[in-house]
Amino acid sequence: MSHPHSSYQFRHILGERTFGFVDLADLMAKATPARSGDRLAGVAAHSAEERAIAQITLADVPLKLFLQQALVPYEDDEITRLILDDHDKQAFAPISHLTVGGFRDWLLSDLATSEVLTSIRSGVTPEMAAAVSKIMRNQDLILVAKKCHVKTAFRNTIGLPGHLSTRLQPNHPTDDLTGIAASMLDGLLYANGDAVIGINPATDNVQQATRLIKMMDEVIQHYEIPTQSCVLTHVTNTIECIEQGAPVDLVFQSIGGTQATNDSFGFNLATLAEAQDAALSLKRGTVGNNVMYFETGQGSALSANANHGLDQQTCEARAYAVARKFNPLLVNTVVGFIGPEYLYDGKEITRAGLEDHFCAKLLGLPMGCDVCYTNHAEADQNDMDNLLTLLGVAGCTFVMGIPGSDDIMLNYQTTSFHDALYARRALGLKPAPEFDLWLAKMEIFKNNEQFILNHQLPDAFHKSLHKMIGGKS
């Protein structure tokens, strides 16, 4: 699409036509691989040709420009202030001379080893990560993410190379404790749950959260499981649970990439700092003290009318600055959860999952993915199998494990206990090392190296079930 020359910061001449882009935000949006959320927001490229021109133009943008031009005004947004005020100039120095295209070439080169990528991560801003992802192929996103190693710990060690952890998600539509316990047992017998045993409560209040926290803690303590629990309630509820003496392991919050998004979620950076301090004060970790768990997802800023005219993937990457500030144990993108208004089909969901994982790992986050879709999206379980496999190759930190891959409380399709077993078998990935030792002790696997399940119920669980049914055989 041709434009008059005067009002555009970026221009590209193709034959007799000049393509213009108003500013950095416009260029970023137009360069983004196609997705329905950006079309809905009115910021997407008008054609494949304009998108390609935008990507070529973006490749020539110096990385330094992102430090000079804030995409959301500094004075209006505490996340912009966080990004710019916390930027590590020393870590940025080795890449400060590069353009976006040069950064891509460098990331893919043998110079960018795991150690070097660790050393520069605090010098990379979310906008730089988002920009370079927009000119990368899927294989580029996988290859670079695989080189980014991010290790965290609480009661076990998460994120080691060659490992894939899982969140055991025993959601129940009425928070029935027996139903939750049955799902937990099912998941543990498939070796799920080393990242966290995490429940989305059907009734979201302090009393119910405390009830679920205590129940999970009793199971973890009784079976001496080297893992952590979390009730995915609002951060202010968790603070109250801690004040009332509940045995809280991890503090959860859904986060977005603009202050206005987080305002709509009912918290700010100060709230997260208060929650982190409260959880640290309990000293419940045994091998580490990463106590926060965050979820993100492309489209949340737009759905809150808080995207400031930015494309959804750039907003998403900015959420990682919030997460990075609080040294979380776990972060994951709930990639297809909002629906086809934001990611229309399996292709768009796959691309978004790989982008989110790459950007977060580059920025130093322990990134997992809820490989999921809603039933009104143009996607199916085969699309999720593909994304799960690609993320496993890319070194994804953790995925979800839900009975039958069908979340009956949240009404969307995700990955099952069996899917996690598939990924570990197919790709030779192991659970967290402490959890792996526990699986051997409990005789959950007949063969831990080949992930061959024990066909008999382990003795410790058999005794518990025997008691539950009143000693009947």
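Along the sequence shown, residues carry numbers from 1. The figures that follow rest on heavy atoms only: side chains count, while hydrogens, waters and symmetry mates do not. Since we're looking at a predicted model, the values are computed, not measured.
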Does a side-chain N-to-carboxylate-O contact under 4.0 Å join K30 and D38?
no

Could you tell me whether a side-chain N or O of S114 sits under 3.5 Å from a main-chain N or O of C148, the two making a donor and an acceptor?
no

In terms of side-chain heavy atoms, does D204 have a donor or acceptor partner in T233 at a distance below 3.5 Å?
yes

Side-chain contact, heavy-atom cut-off 4.5 Å: D370 with T333?
no

By side-chain hydrogen bond (donor to acceptor under 3.5 Å, both in side chains), which residues pair with T99, not counting sequence neighbours?
none

What residues form a ring pair (Phe, Tyr, Trp, His ring centres under 6.0 Å) with F337, not counting sequence neighbours?
Y412

Going by heavy atoms in the side chains, are I225 and F435 under 4.5 Å from each other?
yes

Under 3.5 Å, is there a donor-acceptor pair between the side chain of S36 and the main chain of Y342?
yes

Is the closest side-chain donor-acceptor distance between T389 and Y422 under 3.5 Å?
yes

Determine whether D88 and S122 satisfy the following criterion, side chain to side chain donor-acceptor pair (under 3.5 Å), listing intermediate values before the conclusion.
CA-CA 6 Å; D88 186 338; S122 58; 3.0 Å; yes

Quick one: are C369 and D356 in side-chain contact, heavy atoms under 4.5 Å?
no

How would you list, by chain and number, every residue that makes a side-chain hydrogen bond (donor to acceptor under 3.5 Å, both in side chains) with Q90, sequence neighbours excluded?
none

Tell me, please, which residues at least two apart from D194 pass salt bridge (Lys or Arg N to Asp or Glu O under 4.0 Å).
R424

Can we say D77 and R81 salt-bridge, meaning some charged N sits less than 4.0 Å from an Asp/Glu carboxylate O?
no

Is there a donor-acceptor contact under 3.5 Å from the side chain of N262 to the main chain of F265?
no

Classify the side-chain pair H163/S165 by whether it contains a donor and acceptor separated by less than 3.5 Å.
no

I'd like to know whether Y320 forms a side-chain contact (heavy atoms from CB on, under 4.5 Å) with I255, so could you lay out the CA-CA distance, the side-chain angles of the two residues, the decisive distance to 0.1 Å, and finally the verdict.
CA-CA 9 Å; Y320 306 155; I255 58 173; 6.0 Å; no

Does either side chain, that of Q312 or that of N307, offer a donor lying less than 3.5 Å from an acceptor on the other one?
no

Exam field: side chain H308 to backbone L310, donor-acceptor pair closer than 3.5 Å:
no

So the ring pair (Phe, Tyr, Trp, His ring centres under 6.0 Å) pairs with at least one residue in residues 386-409 (sequence neighbours excluded) are none

Check the pair T125 / H87 against side-chain contact (heavy atoms from CB on, under 4.5 Å), numbers first and verdict last.
CA-CA 7 Å; T125 69; H87 182 251; 3.7 Å; yes

Do L111 and V116 come close enough that some side-chain heavy atom pair is under 4.5 Å?
no

Tell me yes or no: between the side chains of D85 and Y74, is some donor less than 3.5 Å from an acceptor?
yes

Suppose we screen for side-chain hydrogen bond (donor to acceptor under 3.5 Å, both in side chains). Which residues come up paired with N386, at least two apart in sequence or across chains?
none

Quick one: salt bridge (Lys or Arg N to Asp or Glu O under 4.0 Å) partners of E240, sequence neighbours excluded?
none

For A195, is there any backbone N or O sitting under 3.5 Å from a side-chain donor or acceptor partner on Q228?
yes

According to side chain to side chain donor-acceptor pair (under 3.5 Å), does anything in residues 139-151 pair up with another residue at least two apart or in another chain? List the pairs.
R104-D140

Rounding to 0.5 Å, atoms CD (E316) and SG (C359) come to a distance of 8.5 Å

Give a yes or no on this: more than 12 heavy atoms of other residues, nucleotides or ligands lie within 6.0 Å of atom NZ of K441.
yes

If you count heavy atoms of other groups shown closer than 6.0 angstrom to OH of Y190, is the number above 12?
no

Taking every non-hydrogen atom, the tightest pair across A423 and L164
CB-CD2, 3.7 Å

Run the side-chain hydrogen bond (donor to acceptor under 3.5 Å, both in side chains) test against S133 and tell me which residues pass, sequence neighbours left out.
Q313

For residues 281-307, which residue pairs pass the ring pair (Phe, Tyr, Trp, His ring centres under 6.0 Å) check, not counting sequence neighbours?
F252-Y293

N/O donor-acceptor pair under 3.5 Å between T152 side chain and L329 backbone:
yes

Could you name each residue pair satisfying side chain to side chain donor-acceptor pair (under 3.5 Å) that touches residues 270-281, not counting sequence neighbours?
N268-T271

Looking at Q69, I want to see if its CD is surrounded by more than 12 non-hydrogen atoms of other residues, nucleotides or ligands under 6.0 Å.
yes

Hey, are Q244 and T210 close enough side-chain-wise for a donor-acceptor pair under 3.5 Å?
no

Tell me if a side-chain donor or acceptor on S303 pairs with a main-chain N or O of G299 at a distance below 3.5 Å.
yes

Under a 4.5 Å cut-off applied to non-hydrogen side-chain atoms, are C372 and Q413 in contact?
no

Between NE2 on residue H97 and CZ on residue F103, distance to nearest 0.5 Å
11.0 Å

Which residues pass the salt bridge (Lys or Arg N to Asp or Glu O under 4.0 Å) test with R39, not counting sequence neighbours?
E348

Hey, is the main chain of G193 close enough, under 3.5 Å, to the side chain of T227 for a donor-acceptor pair?
yes

Can any side-chain N or O of T80 pair as donor or acceptor with the backbone N or O of V72 at less than 3.5 Å?
yes

Charged N to carboxylate O under 4.0 angstrom, R35 versus E355?
yes

In terms of side-chain geometry, is the basic nitrogen of D249 or R155 positioned less than 4.0 Å from the acidic oxygen of its partner?
yes

Above 12 or not: heavy atoms from other molecules or residues under 6.0 Å from CZ of F267?
yes

Would you check if the side chain of E78 reaches a backbone N or O of Q259 as a donor-acceptor pair within less than 3.5 Å?
no

Any side-chain donor paired with an acceptor under 3.5 Å for S416 and D419?
yes

For Q169 and D407, which I'm curious about, is there any donor-acceptor pair between the side chains at under 3.5 Å?
yes

Any side-chain donor paired with an acceptor under 3.5 Å for T258 and T261?
yes

Should T296 and S254 count as side-chain neighbours, where that means a heavy-atom distance under 4.5 Å?
no

Smallest heavy-atom separation, L27 atom then A54 atom, equals CD1-O, 3.5 Å

Testing the basics here: between L189 and I444, what is the closest heavy-atom pair and its distance to 0.1 Å?
O-CG2, 3.6 Å

Minimal heavy-atom distance between T203 and D175, with the atoms involved, is N-OD2, 3.1 Å

So for atom CD, which belongs to E224, do other residues, nucleotides or ligands contribute more than 12 heavy atoms lying within a distance under 6.0 Å?
no

Compare all side-chain heavy atoms of I120 with those of V124 and state whether any distance is below 4.5 angstrom.
yes

Going by an N to O cut-off under 4.0 Å, is there a salt bridge joining R318 and E127?
yes

Would you indicate whether the side-chain heavy atoms of M442 and Y223 approach each other to under 4.5 Å?
yes

